Number of protein chains: 2
Amino acid sequence: MLNDIALFIHIVEQRSLAAAGKSLNLPPATVTRRLKKLEETLQCQLIHRSARNFALTAEGSSYYDAFSGLVKQIEETARHLNSEMHQVSGPLKVLAPTNISIGILQPMWSDFIKQYPEVHLNLQISNGLEDIVLSQVDIALRIGPQNDSALYQKKLGNIATILVASPGYLDRYASPDSLSELANHQIIVTDIFSKWVLTNTQLNRQEDYYPNAHLILNDIYLASQMVQDGHGIALLPITEVYKELNEGKLQRVLTDWQGPEREIFAIWPTGKLLNAKAKALRDFMSDYISTTPILQGKF
Amino acid sequence: MLNDIALFIHIVEQRSLAAAGKSLNLPPATVTRRLKKLEETLQCQLIHRSARNFALTAEGSSYYDAFSGLVKQIEETARHLNSEMHQVSGPLKVLAPTNISIGILQPMWSDFIKQYPEVHLNLQISNGLEDIVLSQVDIALRIGPQNDSALYQKKLGNIATILVASPGYLDRYASPDSLSELANHQIIVTDIFSKWVLTNTQLNRQEDYYPNAHLILNDIYLASQMVQDGHGIALLPITEVYKELNEGKLQRVLTDWQGPEREIFAIWPTGKLLNAKAKALRDFMSDYISTTPILQGKF
DNA sequence: TAACATGATTTCATTTTTGGAATTAATATC
DNA sequence: GATATTAATTCCAAAAATGAAATCATGTTA
């Protein structure tokens, strides 16, 4: 019935069934029938009409006065929201991991905002596993294997993981020459790497190493700080240590061995349907990450 | 689409497709399909749902925020107008002839307002033939034959027409004894009676008399005043002269002869569909007029 | 982990609505 | 008054929507 009321408002404003039908892309037969049905539903005649004449009844006038403003608002609101869905502007809610967002990807967010000034970015960073659906986010950046089949995803890149220690630690304990020598060292373990699946890049051999933890932490940034402070050896994503490696604050250990690659995904909860803003961000992230060698597993 | 948006608002408020369907008397199949169709039309998912879970998407939240108030207003407005159509309250626009409304029927309007204090009467009186349709009136009172087949009507009564003159006039000219003697008299003609179709009630014979006008007027009240002032004989509705006859200010002429009866009708432009207010007035007028002997042609 | 409960979705026959063509009705014009 | 014009209405076959029953999917519970 609301559809028919909206049609009635259009008819009144154009003072013609045919004209309203034309502007709404409806055939005359449909217009006349729906108006007639509305009159039957409301149990009052709304319009006196003939081939040459058009006149509202008293009731028709009441209904027009009451509904015309509301219908206009609804249609304008629909247009506005539809426009927003299909253009890169307005609010965009994003979920992303803390460490990488304030680290290597911080310029990416900055560049996105610069390129799309009409988008109002609401960036929620967290190292916890927030529920994408309940958070009502448009899109999220995730690192590591994604198991939620309800979510759509696109892979953006890889992060290598390597073993590192500080120069001071290695001065005191000498760098190990084999995995078995790690047992003689102080190991810092993070939650995401409780078991080390290590690959020898020279021999192309893989081994699972179960570290005896000297220290267990649930934050990678904190772990890299502890490693810098000389507390031991850790398996860390290269994104968290590449600067320190370049500055000599950290050194690689067992350089032939690497940990598992950590995949980077864009994921979203809305199936194939992705609004233009989120799509723009997804593509922007994809471009940025694919043109950053370290985020493609290269170093 | 507006119907589906309204359904979406109901679903969100009840956080359940099934509950919304139940309250709106729609089967689950219809609810799920219409929501799905809305999502396809809008090209965005609005709700994540399963048997046990309900969550809005970011877009769903935007659409709810934007539309919930508007949908409530539209539904409330529809209820309000529907209630008005079906109850005897609110505005009622009426068209009626001037002379009879300020004369014999004045107490009827007064009584109607007293009986229905919730009705806001807009009484437009006129002796012209106003266009019922263009005037956007709910109902009209009309006197005389009605030719407009587009209008619905109900006959309420009759008004007799008689020949009258003042005592002063009859002192000077002596009362005529036959129609042919009228030629020797001064005749006052009104527009509605340019040709006198007269019936002899004793002989049950009808004759057409073409008066030679001494004075022509387009208002019956003014005509009765001129008759009282002694300017001649006129054929007038009894409703305009019954008081003066009782007071002796006027006297009948050729008492065996009467003019044509003038029928009283209630007419309205909206076919079978008549709102409750107009229906109340129609029935009220019918009762009032049918219990007034002079308005049933009796005197 | 399997069974169960519950709500959402799909299937299929039926009903309703739609679009194009034909018809009707009401003015306008001559 | 007769005819032409124009827009509204009706008819009929096709398309879309609906409702009831069956099926599916997802949490919850034992």
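As the structure is a computational prediction, the values presented were derived from the model and not from experiment. Below, read A as the first sequence line, B as the second, and so on, with proteins coming before strands; counting in each chain starts at 1. Values below: all heavy atoms of this structure, side chains included; hydrogens, waters and symmetry mates excluded.
In this structure, the CZ atom of A:Arg34 is 17 Å from the P atom of C:dT16, given to the nearest Å. Taking atom CG on A:Leu7 and atom P on C:dT18, their separation rounds to 10 Å, with Å as the unit. One atom, CG of B:Leu24, and another, P of D:dG19, lie 12 Å apart when rounded to the nearest Å. As a whole-Å value, the separation of A:Leu35 CG from D:dT10 P is 12 Å. In this structure, B:Leu26 atom CG and C:dG7 atom P are separated by 17 Å, rounded to whole Å. Note: CG (A:Asn3) to C1' (C:dT16) measures 15 Å, nearest angstrom. Between the CZ atom of A:Phe8 and the C1' atom of D:dA8 there is a distance of 17 Å, rounded to whole Å. One interatomic measurement links the two molecules: CG of B:Leu38 to P of D:dA17, which rounds to 13 Å at whole-angstrom precision.
Picking from C:dT17, D:dG19, C:dT10 the nucleotide with the shortest atom distance to the side chain of B:Lys36 gives C:dT10.
Each of B:Ala18 and B:Arg33 lies near DNA chain C, and the nucleotide nearest B:Ala18 is the one positioned closer to the 5' end.
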Chi angles and distances behind the salt bridge (Lys or Arg N to Asp or Glu O under 4.0 Å) call for A:Glu261, A:Lys155: CA-CA 13 Å; A:Glu261 292 201 320; A:Lys155 186 175 168 198; over 6 Å; no
Assess whether side-chain contact (heavy atoms from CB on, under 4.5 Å) is satisfied between B:Glu59 and B:Gln45, documenting all intermediate values. CA-CA 7 Å; B:Glu59 287 102 328; B:Gln45 191 159 5; over 6 Å; no
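Ring-plane geometry between B:Tyr152 and B:Trp268 is classed as tilted, the angle between the planes lying from 30 to 60 degrees on a 0 to 90 degree scale.
Side-chain nitrogen and oxygen atoms of A:Lys37 include at least one within less than 4.0 Å of the OP1 or OP2 phosphate oxygen of C:dT17.
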Going 5' to 3' along nucleotides 24-30 of chain C, which nucleotides have protein heavy atoms under 4.0 Å from the base (write B), which only from the sugar-phosphate (write S), and which from neither (write -)? -BSBS--
Would you list the atom pairs, donor with acceptor, under 3.5 Å between side chains in residues 15-22 of chain A and any protein atom, with sequence neighbours excluded?
from    : atom 1 : to      : atom 2 : distance (Å)
A:Arg15 : NH2    : A:Phe54 : O      : 3.2
A:Ser16 : OG     : A:Ala18 : N      : 3.3
A:Ser16 : OG     : A:Ala19 : N      : 2.9

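If you take CG on B:Asn158 and CZ on B:Arg262, they are separated by 11.0 Å, rounding to the nearest 0.5 Å.
Looking at every heavy atom in both residues, A:Asp138 comes nearest to A:Pro91 through OD2-O, 4.1 Å.
Summarising the local packing, NE2 of A:His86 is surrounded by more than 12 heavy atoms from other residues, nucleotides or ligands at distances under 6.0 Å.
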